[in-house]
Every structure is written in structure tokens, then in C-alpha cells.
4 protein chains.
Amino acid sequence: MDKRTQIFAATEQLIATVGLDKVSMQQVATQAHVAAGTIYRYFKDKDDLLRQLSSHLMMQCATHIQQGVKDEPTLKRQFERLWRNTWTMMLQRDHLLLSRDQFDALPRDDQLHAQRERDAFSDLYQVFQEGKQQGVLKPLDDEVLITLGLEPAFCLARKQVRGVITLDSHAIADAIHACWDAISLH
Amino acid sequence: MDKRTQIFAATEQLIATVGLDKVSMQQVATQAHVAAGTIYRYFKDKDDLLRQLSSHLMMQCATHIQQGVKDEPTLKRQFERLWRNTWTMMLQRDHLLLSRDQFDALPRDDQLHAQRERDAFSDLYQVFQEGKQQGVLKPLDDEVLITLGLEPAFCLARKQVRGVITLDSHAIADAIHACWDAISLH
Amino acid sequence: MDKRTQIFAATEQLIATVGLDKVSMQQVATQAHVAAGTIYRYFKDKDDLLRQLSSHLMMQCATHIQQGVKDEPTLKRQFERLWRNTWTMMLQRDHLLLSRDQFDALPRDDQLHAQRERDAFSDLYQVFQEGKQQGVLKPLDDEVLITLGLEPAFCLARKQVRGVITLDSHAIADAIHACWDAISLH
Amino acid sequence: MDKRTQIFAATEQLIATVGLDKVSMQQVATQAHVAAGTIYRYFKDKDDLLRQLSSHLMMQCATHIQQGVKDEPTLKRQFERLWRNTWTMMLQRDHLLLSRDQFDALPRDDQLHAQRERDAFSDLYQVFQEGKQQGVLKPLDDEVLITLGLEPAFCLARKQVRGVITLDSHAIADAIHACWDAISLH
DNA sequence: CATGAATGAGTGTTCATTCAT
DNA sequence: CATGAATGAACACTCATTCAT
């Protein structure tokens, strides 16, 4: 495993453990079994490390969420798949997405970033756009539709991770159904 | 105005200006027209200050969100009121709630905190419980129902503040309608 | 003795010992029996400390060099006094003036600095200006005249300190005489 | 061009650009188109590099200052030549000689160094010794005589480079004349 | 009670030097 | 010989916290 990957892994783990803004470069170095100075061969500074990690994770996240969606036969099934992917991803990598807002708060080139994000989630956007074209989904703005349909998946998963709620598979099915009700025409 | 309140006000303002994790005790002291040491008469340490501020803000938030809800004639209208209150509160006090996750990340006595939160939002919980009893809302767990119905208000408002979306009053009405679809039986 | 003075003294001593650009803030703090952070209550940063010290020393230097000059009866005696003052000052505080160029190399507001320096050495400038008016000194630019008359005092003292030369009182008198020959009309 | 020379050239250039104590070995390596480790094949450490460069420059300096001196017909003309050579050298290679004290501050074997320096400047010493033998110059110690006669050339040139003074050719001739007055019998 | 000077451990970052390739 | 990735001690500077006044 190369040093860059080690550093990424160490940073990811530390963010999970102590929280994004408590992570020190020394900690990262120790965790990555690397000297402090070595980090600076791979990343300009701490900001650069965090920004690149954020990008990296966003891509992984996109991959996970959109996995297998295109294979689903119907739009509703595609939506369900997106929802379930979101849920499982959050449960697995909870630590990182707990810090989502902190990542968002990092200074970055927003113009560029927004474009990349859109590209990475193009399958997702496509599902919602098709839904509108077919008259299955409500004719709302893309972002609104996605927020209504999938954001609850994030929020519920977060609460599940924190132990506020404990959903079984029936409850999940119900939640998905409810979200579908929110976005579909009927 | 007593010192404790001054310190709260100063901290809140600084969080809005420079961001939660850039606030230093010295800055707070200066802004509050108080000596650095004085803060420690009222708060055990920085964490305690932030935790108490968080609690304080949560109460204000509860007040704002639940304002006038009981005066609404029907359950649907009560829900709509909750949703709109959430939306406007976020737009007004955006700076603080952008940092919601950072507040959440503060170490705290979760047991106690959860109880207090529940108490503060009792009107809100009551609306959803009544809705279930009357057979108007889906028979889901309280937390799930609230997440489905109101969390999109937080998320959409956040995006509005960030400039990702720009919703007019029609779009807001549509969003509320969609959330109602998510939680109501039909 | 107040902290500011302690820090000045410590810095001066360290410069003498290890050289201007090897001095670390930690060393200064230790030598001054002060915590590292304390320095920053009195000086904005390292540059500020060095610049203020430089100013401070320049003033002391001016005082020493011009001491008793006005009491001398004749212009030649005044010049001799300036020369001897320069010589003895260098021998006493050699360490600092060995670093003269390094001090000069510090970034500073040159406009302001040049003015202050001129003010501090006004007696010295006056001697040379009067000399020209009386037709005793050559009609050269002030700076040139001072360089010709007194810079050798600095250079010789430096060499004396370094052990390159060892001048007795006769040799010093000769050197002063030679410098007078350089600047006087004859 | 061999690596050793490349490294010398790179170091000299960097000192001129960024100043002696801001030069890093990595910069030198890059500028010299050489790997960082390679420098250590030719120089024991950074100090050694700088010390050797200093020696190297001293030799060049000697060459420049003594250039054409022997061709001058009279002692006074020889002196004038030395003075003018000093002046022009300083204006051309100002960057390096501005750092003269910093070079001097480098730890070195002074015994050996002093001898080498004397050898390199043998023509110069010879001029002054002959002057004394011929009864043209004052019977002072060599070092003193040289200091009185030539050090002002360094000092004035330095001030010229720094913009403190601006001497035209007449002023230079005057300065040379004054220096001659300082060292010559009359 | 209130103050604010003082502390010192901790931060992000640099850089001379080494050594496996 | 030459390389350049890796090192880790050192740097300037910050800031939560304490305590004598």
C-alpha cells in the first residue's frame, strides 16, 4: 500500500474517532506509520489533505449509492435501490458522513466542486429526470425532489447509528414507501 | 444584562462570523467585554460553554418552531405551520444551524440531553402523536415520522442559504405538500 | 525588571552568543526566564522583536557615540571624541555590532527608520555640517564625510575584537589623525 | 560543467535572490539540476558548502580588486586602481557582499583562512608595503593602512547599492582623494 | 467577584540529512 | 556515483486555562 493511501486511511479513521477538527497532522502521521514531514510530500497542507480526502470520499459515496441502480427494471425499483444503497452506506461508513457538514465547511473551489459532484451522481440525477418525464414523479426542481426522496435516508441512518432509533426491515420498507409518496404523483 | 448572557451572545455572534471551531476564548471575552478569566466563573471550560450554548439555542429553536402551532385549527394546518416555522428559522439563524453537526459532535450527557430535547419539543411530538391517533398520519415511529415530515425543511433551507436552490412561495407550498404526502395516510 | 526588558536582554545576549539568525524564540524565552507564549504579549512576532531590539540598540549606540561631544571646545576635538566613543562602544558591545549588517537586512519601514536614525544622530550630523560651514572640512556630502571619518573606527574596532589587529593608544591616535586627514581641508 | 561547479553557481544565485539564510539545500539542488543527496557527495554539510563558497568568492574578489594594479605606473595610481576596482566589484556583485558579515559568521578554521586570504591579496599588500618603504604612505600597520584606504570604498559602495547615497564620478574621485589623504604622508 | 498577565503543551509546517534503490 | 523519498527534530506561533492581584 502506498503512502498516499495510508495517509488517506489514517485520516479517515481519525476523523471517525476524534472528529474532523480535532485531527492533528501529528496524529495522522502516527496513525499512518509515517513521519510528519512525509505527509507534505503528498499534500500541500492540511487543507489540501482534507479537501482531497473529501473528494475521494464523495466519489466512493457516489459509487456506492448508484451501485446496481441501472439494472433495476422499473423507476420505483431504481428509487428503492438508491434509498437502500444510501442507508447501507451510511451504516457502514457512518463516522465520515456524520461529519458531512464539516466537510462542506472546508474552503474549496465551489464552481468546480459542484460540477464534479453532479457528474459523479449523474445516474442518480437521471433517475429523477426520467421519472419526471414519464409523469411518475412530481414536476419539482431536481434538487428538491432528491432532497425529499433521499435526504430522509441519510437522516434516518444517522439517527440509527446514534441509537436514537432502531429500524427493522419492515420499518425501512415503510420509510421508503413514505418517501416515494413524497415524490410521486398520485 | 448579566455576564452569562453577554458571554452567550458574544459566542453566538462569533460562531456566526468566524465559524464554530475558529472561536477562541479570548475572542469571546473581548466580544463580551469581559476578562478571559471571567468566562471560567460561569462555565467549567470551553466545552461546557459550547454545550450550554447549544442547549440554549435548542430551546430557542423549539420556541420558534412551535410558535403558534396550537392555534391552528386542523392537524394539516399545524403541520404546515411547523414546516414553515422551521424554514424561516433556518433562514434567519442560518449561521448557527449550519453548524448543527458540529454542535452534535460536542461530547455531552446524551441521556439527559435527549430527555430535555423531547420536553422542549413536546408540542411538536404531540401533533404527530395526535395525527396517528386520528388515523390521519401513517402509524410509524415518532422519530421516523418527524424525520420524514420536517427534516426536508431543514435540508431545503440549508440548500437555500447556500444558494444551491432558490425556492419561491409556490415551490415551498409544493414541498410542504410533498412532505405531507410522505407522512399522511391515503 | 519587567518582562519586556528581560526579553530584550535575553535576545541581545543570544545574538552575541549564537548569531542573529540562529536565535530561536524558545531560546529567547528560556534565557529570559519566561514562557514562549509570553514573548508574544510584548512583540507581534519574531520580526517585530528583532526590529524593536534593533531600534533600541541604535538609540543606545547614538547615545554612546555622541556622549560628551558637545562639551569639546574645538571641532577637531569633537571629531576625536566621536571617533573614540565609537571605538570604545564597539569594544564593549562588539557582539551586537558584528551583526550590524544582519540588523540592516531586517525588513523595516525604511522611510521612517532613516528619519529616526538621522534624529538620533543629530549631534553627529551637526558636527560635520558645522565643519563644512567653517571651511575646516571638505565640502562633501554628509554621508560620505561620515563614512570617511568614522567608518574606519567601526572597521578597526571589529578587527581588534576579532584579534586581527591589536592597537595601542598611539596607534589609535594615529588612526584618528589619519581619518582627520581624510575629511579635513589642507 | 561538473556538479561541484553547478552547485556553487546555484548557491551563489540563490543567495543573491533570496538571501543567505533563506537558502535551502533543496532549492540549491533544484537550481543546480542535481538531486538533494548529490550535494553531500561534494560537501560535508550545508556549513561546508557555504564555507567553501565563501572561499571561492573571496578568491574571485581578490582577482577583481587586484586586476590591472601592477600595470599602473605610480603608487598613487595603483591605489586608485585598487579603490575603483573595489567600488565596481561591489556594485556588480552587491548581493554577495551585502552578506559579507554573514559569511564571516560561518564557523571556520580561522588560522588557515587568514593565511589563504593574505596569499590571495598579496598584490594588494605589496602595494601598501612598497608605499611605506618609499616613504609615500604613513608608517602604520598594514591592516590599519588598508582599512583606512579601502574600507571606505566598501562602505560607500554598500550605501550606493542601498540607495542611501548616489555618487557621480566627481564624487568618487573626491572620495578616493580623501582616502589617499588618510594614508599618505604630507 | 473580576481581572488579564503568564503559562506551556500543542499546532501546522520546514528542512538538513540519510539511505535503500 | 546519483537519486529522491523518507525522516524527525526544530521552528514560529496559538490558545485554553490558571492564579496572584
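The sequence lines fix the lettering, A, B, ..., with proteins before strands; numbering per chain opens at 1. As a basis for the values below, the full set of heavy atoms in this structure was taken, side chains included, without hydrogen atoms, waters or symmetry mates.
Between C:Ile7 and the options C:Asp2, C:Ile39, C:Leu53, a side chain to side chain contact (heavy atoms under 4.5 Å, CB included) holds for only C:Ile39. When the options B:Val23, B:Leu20, B:Thr30 are evaluated for a side chain to side chain contact (heavy atoms under 4.5 Å, CB included) with B:Leu14, the one that passes is B:Val23.
As a whole-Å value, the separation of D:Arg41 CZ from E:dC19 C1' is 10 Å. We find that NE2 of D:His33 is positioned 13 Å from P of F:dG4, with the value rounded to whole Å. The distance between atom CD1 of B:Ile39 and atom P of E:dT3, rounded to the nearest whole Å, is 10 Å. Residue D:Tyr40 contributes atom OH, which lies 18 Å from atom P of F:dA6 at whole-angstrom precision. If you take CD1 of D:Ile7 and P of F:dC1, they are 13 Å apart, rounded to a whole angstrom.
Residue A:Tyr42 has a polar side-chain atom (N or O) positioned under 4.0 Å from OP1 or OP2 of F:dA6. For E:dA6, the OP1/OP2 oxygens have a side-chain nitrogen or oxygen of C:Lys3 closer than 4.0 Å. In this model, the phosphate group of E:dT7 is approached by a side-chain N or O of C:Thr38 to a distance below 4.0 Å at OP1 or OP2.
Each of D:Asp45 and A:Val23 has a nearest nucleotide on DNA chain E; the 5'-most of these lies closest to A:Val23. Residue order along DNA chain E, read from the 5' end via each residue's closest nucleotide, puts C:Gly37 first among C:Gly37 and D:Gly37.
In the set E:dT11, F:dT3, F:dT7, E:dT11 carries the atom at the smallest distance from any side-chain atom of A:Lys46. For B:Met25, taking side-chain heavy atoms from C-beta onward, the closest of the listed nucleotides E:dG12, F:dG8, F:dA16 is F:dA16.
Consecutive pairing runs in DNA chain E reach the stem threshold at E:2-21 with F:2-21, where a stem means at least three Watson-Crick or G-U wobble pairs with distances under 3.5 Å.
With hydrogens and angles left out, the side-chain atoms of B:Gln52 and B:His56 include no donor and acceptor closer than 3.5 Å.
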